[in-house]
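To keep things clear, I will list the structure first and then write my remarks on it.
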Amino acid sequence: MKSHVKAVVIGGGVVGCSVLYHLAKAGWTDIMLIERSELTSGSSWHAAGGFHTLNGDPNVAKLQAYTVQLYKEIEEISGQSCSLHLTGGVMMADTPERMDFLRLAHAKGRYLGMDTELITPSEAKAMFPLMDETNFVGAMWDPVEGHLDPSGTTIAYSKAAKKLGAEIVLRNRVVDLTQQPDGTWNVVTEQGTVHAEHVVNCGGLWAREIGRMVGVELPVLAMEHMYLLTEPMPEVEEFNKSTGREMIGVLDFKGEIYTRQERNGILLGTYEKACKPWSPVNTPWDFGHELLPPDLDRIAPSLEIGFKHFPGIEKAGIKQIINGPFTFALDGNPLVGPVQGLTNFWCACAVMAGFSQGGGVGLALSNWMVHGDPGFDVWGMDVARFGEWAGLRYTNAKVRENYSRRFSIRFPNEELPAARPAQTTPLYDTMLANNAVMGDSWGLETPLWFAPKGKEPKDIVSFHRSNDFGPIGEEVRATRERVGVTEIANFAKYEVSGPGAEEFLNRLMTNRMPKTGRIVLTPMINEFGKLIGDFTIAKASEDRFMIWGSSAAQKYHMRWFEKHLPKDGSVRIHRFDQTLVGLSIAGPRSRDLLQKLVDVDISTKAFRFMDFREMAVGGAPCLVNRITYTGDLGYEIWMAPAYQRLVYKAIKDAGEEFGLVDFGMRALLSMRLEKNFPTWFRELRPIYGPFEGSMDRFIKLEKNDFIGREAAAKEQAEGPKLRRVSFIVDAADADVMGDEPIWAKVSKDYGSVEKPHGYGAPRFDTSGKEVRGSKAAEGASAVRGIVDGEWRVVGWVTSGGYAHYVQKSMAQGYVPAALAEDESAGLFEIEILGHRRPARINIEAPFDPSGEKMRT
Ligand SMILES: Cc1cc2nc3c(=O)[nH]c(=O)nc-3n(C[C@H](O)[C@H](O)[C@H](O)COP(=O)(O)OP(=O)(O)OC[C@H]3O[C@@H](n4cnc5c(N)ncnc54)[C@H](O)[C@@H]3O)c2cc1C
């Protein structure tokens, strides 16, 4: 065993082996994988080996598609078979709502280059005859699905890595990790200490324990999971013989079941409601190649539905029941990337679908380690996406909830109840008393909307407009015409101070820093010229700046700030989290209201638009920004939590004469739509350049050398490839939710968005004939593919909804820049729940386009 390497990867499951392979492929060959026992000694060996490309997050879906495509490559390099069975698979919908969900997933697939197709239950049955198709209303076919040999695949990765020069050390547990003053690591193992520049936690079932070695409690939990294998079934053999094909994979939402052919029988797995965590506090180090005792009673309700939906399986004898543990993060996606607060400590764990995601995780992480950037939009699996609130107990509750509804639909207006309330502001009880419907905003309870008196404060979950539509409209109108107040504790807040503060911010941000007492809006970009942040910055004094940003990105941004902090101590960063909370008042009477609460002049000239002041509001020391996300005249008022009730009461009392209303986050988001304001993580993400994001006026290339300046200058000189645009949509009773395809009728080619990768299993129709390409659309209800006559998919929606004041359905999204700028380009349609609705680009904000109201 070497005593010094560039990187140590801990864990020889499928993920560790994939990370090792990708690091070696990227040129880091002085690397070592250390495995406690033999390879696949965690959850990898007993996996069902299924793989698929679909994921709720389109960016993770892309990495899953990459994983599937990779298997041929590692087979070739290693000479080891993965026993790949590319059968294709279907997702079965038993209700119209689940069919809506499939329509949405299918629509997303258009610009992701996926070749999915909506088919009838009978068409699905033709490929999996054991089902009773009368239980279903429709299905979605995905040709890029199948199964493989989990151990063979893990070994193929490891052999391919070894061929490229990586070392693998078996039967050697890592017992401790200690960081050296220079940021490198001593990896203490049973066989001695290895010094490494980087450490990667691929500990799978033990990832949490490895995190604890460096003082981090990762939000990951192992759950017991069962699947059963039947005896050989004559029906399966007969199908194989008569068609010359294997049966496909089937996913049944209702039963939370997956099933497929395994040898001459069937494999059927469940995500049961009565799920059970495994080793919820500490994972035993002596657990290895063993299984957990099966518990048929626990999965009986799922099996009951399964046997009803797939009566062909019920008759078969059960040969074996596998019960094994595997890990999940809170939302079911992996935890990947550098851990904030530590140097050179990386994670690739909580990978619950190692055979769908392992390749993509390995690629993203190796890019990140070797080139400083994952190369993709990996926010959906970034280890920084959860905060300190995601502790052991929170994780336990949330992972169980996620597991038990693994295949359930999450409606766009659905808030999930587990582990709530976690964090609350001092106004929590007041908001409940005001009939607020609360939502979870990065672990913080936040008012979403206010139900009318006498009505239960509860969302009716739906893909369509729901019971919040009327009340949100009221909140918006009252705010726009009079004045409204809302809680804004769910923003991120930082203070950057010290003699080097301004220089530091100038180096990180694309806009000039403000003068004392003023505010600027500024994006932040990385070396590659991609958007990684969007902030409001106020200069409080010569060497003190206040910064506000996206709540969910707090750890993500802190990681970036810390990476670039000068080593000489001239800059300090403080993240307030919930030690600073806020209220925003907005609307034409907001100044009159605020004037009653302060003892200084806040007239237009004395307190201008984009001014910042420290002042007492209702007697409480506050920081006040003359700015609001509603795009109206308004103020953001920030205070210590101890003063929040005092300030809120003062606002409510003073507001009575002006007809003040409470409004929630949904009204705020509706109001920003009619101002064409973007949101972070929706419109602004690390896959877009600042000019693509239409942030042109905040990019000051001439100010000084800032990170990403060169790349931004290049983007500007060459012209952005994409453009963020705003649309007005002729919607019916459903508005866009995000991720819908944008169609255009175009007479020329404006550049392709994404082409189908054309890699997948052919589909067969009820008569056994192969159906391929556009022919597969014949007879199917939905138009498939990215071209339909003169219409083609030209982009995707990032977010939208109903803009209540201007009474229009609106959407924001990306299309090729040339198309956005061509006024004669033609017509647009946005596909909402399978229906293409006419849409038109809307350049001027429909509400107060000149910005006069907010400047008044
Ligand atoms: C019943 C069941 C069915 C499944 N079906 C599927 C499926 O169909 N498709 C799919 O994609 N996924 C499936 N999975 C999930 C899949 O198994 C996991 O996604 C995958 O195994 C995760 O791999 P990993 O490398 O992260 O972790 P693991 O496989 O747990 O590997 C971690 C490795 O790290 C080693 N290790 C830990 N700590 C140390 C230490 N301190 N020192 C040295 N070595 C250490 C362990 O010994 C182990 O070998 C299933 C899981 C189960 C249990």
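Every number for a ligand or one of its atoms is a count from 1 in the order of the listing.
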For ligand 1, which atoms sit closer than 4.0 Å to a heavy atom of Gly42? 28 (P), 29 (O), 30 (O), 48 (C), 49 (O)
Of all the non-hydrogen atoms in the protein, which one sits nearest to atom 19 (O) of ligand 1, and at what distance? Val351 O, 2.6 Å
Given Ala47, Cys202, Gly358, which one has a non-hydrogen atom that is nearest to atom 13 (C) of ligand 1? Ala47
Does Leu39 approach ligand 1 within less than 4.0 angstrom via side chain, backbone, both or neither, non-hydrogen atoms only? neither
Which residue in the set Asn59, Val361, Leu335 passes side chain to side chain contact (heavy atoms under 4.5 Å, CB included) when paired with Met381? Val361
According to the interplanar angle, ranging from 0 to 90°, do the rings of Phe136 and Phe310 count as parallel (below 30°), tilted (30 to 60°) or perpendicular (above 60°)? tilted
Quick note on ligand 1: atoms under 4.0 Å from a heavy atom of Ile10 include exactly 39 (C), 40 (C), 42 (N), 43 (C)
Assess Trp45 for proximity to ligand 1: is some non-hydrogen atom of it under 4.0 Å away? no
Note: Lys315-Glu235 ion pair, threshold 4.0 Å (strictly below): yes
If the cut-off is 4.0 Å to any non-hydrogen atom of Ser356, which atoms of ligand 1 fall inside it? 11 (O)
Test side-chain contact (heavy atoms from CB on, under 4.5 Å) applied to Glu388 and Lys555, step by step: CA-CA 9 Å; Glu388 296 77 2; Lys555 293 204 130 200; 3.3 Å; yes
N or O pair under 3.5 Å between Ile322 and ligand 1: no
Heavy-atom proximity to atom 3 (C) of ligand 1 ranks first, among Cys349, Ala48, Gly203, for Ala48
Which atoms of ligand 1 are found less than 4.0 Å from any heavy atom of Ser43? 17 (O), 18 (C), 20 (C), 21 (O), 22 (C), 27 (O), 28 (P), 29 (O), 30 (O)
Mind telling me whether Tyr403 and Phe328 have parallel, tilted or perpendicular rings, with 30° and 60° as the class edges? perpendicular
Give a yes/no verdict on a cation-pi contact between Arg36 and Trp206, requiring under 6.0 Å between NZ or CZ and the six-membered ring centre and an angle within 45° of the axis. yes
Measure the distance from atom 2 (C) of ligand 1 to every protein heavy atom, then report the residue, atom name and distance (to 0.1 Å) of the closest one. His225 CD2, 3.6 Å
shortest atom 26 (O) of ligand 1-to-protein heavy-atom contact is with Val15 CG2, 3.3 Å
Contacts of type side-chain contact (heavy atoms from CB on, under 4.5 Å), residue Asp331, not counting sequence neighbours: Ala329, Asn333, Arg385, Phe386
Enclosure of Lys276 NZ (heavy-atom neighbours >12, cutoff 6.0 Å): no
Indicate whether any N or O donor in one side chain lies under 3.5 Å from an N or O acceptor in the other, for Asn402 and Arg410. no
Under a 4.0 angstrom heavy-atom cut-off, which atoms of ligand 1 come close to Ile34? 43 (C), 44 (N)
In the protein, which heavy atom is nearest to atom 29 (O) of ligand 1, and how far is it? Ser44 OG, 2.6 Å
Those residues at least two apart in sequence (or on a different chain) that pass salt bridge (charged side-chain N to carboxylate O under 4.0 Å, His left out) with Lys319 are none
In terms of residue, atom name and distance, what is the protein heavy atom nearest to atom 8 (O) of ligand 1? Gly50 N, 2.8 Å
Is a donor on one side and an acceptor on the other found under 3.5 Å between the side chain of Ser158 and the backbone of Cys17? no
Assess the pair Phe253 and Phe101: is the distance between their ring centroids shorter than 6.0 Å? yes
Any non-hydrogen atom of Phe51 lying under 4.0 Å from ligand 1? no
Where does Tyr157 meet ligand 1, judged by heavy-atom distances below 4.0 Å: at the side chain, the backbone, both, or neither? neither
Looking at atom 11 (O) of ligand 1, what's its closest protein heavy atom, distance included? Phe355 N, 2.8 Å
Within a reach of under 6.0 Å around NZ of Lys254, are more than 12 heavy atoms found that belong to other residues, nucleotides or ligands? no
With atom 35 (C) of ligand 1 as the reference point, say which of Glu35, His289, Arg36 has the nearest heavy atom. Glu35
Tell me the protein heavy atom at minimum distance from atom 41 (N) of ligand 1, and give that distance in Å. Val174 O, 3.1 Å
Taking only heavy atoms of Trp285 into account, list the atoms of ligand 1 that are under 4.0 Å away from them. 38 (N), 39 (C), 40 (C), 41 (N)
Could you tell me, atom by atom, which parts of ligand 1 come under 4.0 Å of a heavy atom of Gly354? 10 (C), 11 (O), 12 (N), 18 (C), 19 (O)
Distance from atom 34 (O) of ligand 1 to nearest protein heavy atom, with residue and atom: Gly11 CA, 3.1 Å
Ignoring angles and geometry beyond distance, decide whether Pro325 reaches within less than 3.5 Å of ligand 1 through its nitrogen or oxygen atoms. no
Would you say the rings of His225 and Trp278 are close, in the sense that their centroids are separated by under 6.0 Å? no
Going by distance only, is there an N or O of Gly49 that falls short of 3.5 Å from an N or O of ligand 1? yes
For ligand 1, which atoms, with element, lie under 4.0 Å from some heavy atom of Ser41? 47 (O), 48 (C), 49 (O)
Mind checking whether Met352 has an N or O less than 3.5 Å away from an N or O of ligand 1? yes
Is it true that Arg406 and Glu256 make a salt bridge, defined as a side-chain N closer than 4.0 Å to a carboxylate O? no
Would you compute the distance between atom OG1 of Thr395 and atom CZ of Arg208 and round it to the nearest 0.5 angstrom? 9.0 Å
